[in-house]
Participant: 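Here's a structure for you.
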Amino acid sequence: REPGTLLLEHADLNPKFHKAGIGSQMVKEIMEVAPDILVPNLLWNSSTGHQIYLSGEGAALIKSCLRNGIISEQNIAAY
């Protein structure tokens, strides 16, 4: 596969486990296997015509992963 051709389209976490670090650990594990994976751009939404976009919880997770160095700007899909 070519670098940057994988896009994380869906991840689901039971709401009772939000804020427990499980989502961040899940992203860490994904990055170990596919460090060049892309995640949806934070600006994508249904009104921008994108079929894949982050929920509020997903956006919070991606922002946290960016802040904590789990992912980098290079992992954010281009707009």
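Both backbone and side-chain heavy atoms feed into the values below; hydrogens, waters and symmetry mates do not. This one's a predicted model, so the numbers in the text were calculated from it and none came from an experiment.
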Participant: What heavy-atom pair brings Ile70 and Met31 nearest, and what distance separates the two atoms?
Facilitator: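 Closest approach of Ile70 to Met31: O-CG, 3.7 Å.
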Participant: Can you measure from CD1 (Ile71) to OG (Ser64) and round to the nearest 0.5 angstrom?
Facilitator: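 So the gap between those two atoms works out to 9.5 Å.
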Participant: Mind checking side-chain contact (heavy atoms from CB on, under 4.5 Å) for Asn41 and listing every partner two or more places apart, or none if nothing turns up?
Facilitator: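 In terms of side-chain contact (heavy atoms from CB on, under 4.5 Å), with neighbours along the sequence ignored, Asn41 is linked to Leu43, Trp44, Ile76, Tyr79.
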Participant: Indicate every side-chain donor-acceptor pair of residues 6-28 with a distance under 3.5 Å to a residue at least two apart or in another chain.
Facilitator:
unit_1	atom_1	unit_2	atom_2	d
Asn14	OD1	Lys16	N	3.0
His18	NE2	Leu13	O	3.3
Gln25	NE2	Glu29	OE2	2.9

Participant: Testing the basics here: between Ile37 and Asn75, what is the closest heavy-atom pair and its distance to 0.1 Å?
Facilitator: O-ND2, 2.8 Å
Participant: What heavy-atom pair brings Leu66 and Ser72 nearest, and what distance separates the two atoms?
Facilitator: CD2-C, 3.6 Å
Participant: Does any non-hydrogen side-chain atom of Lys63 lie less than 4.5 Å from one of Leu42?
Facilitator: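 Yes, at least one pair of side-chain atoms sits under 4.5 Å.
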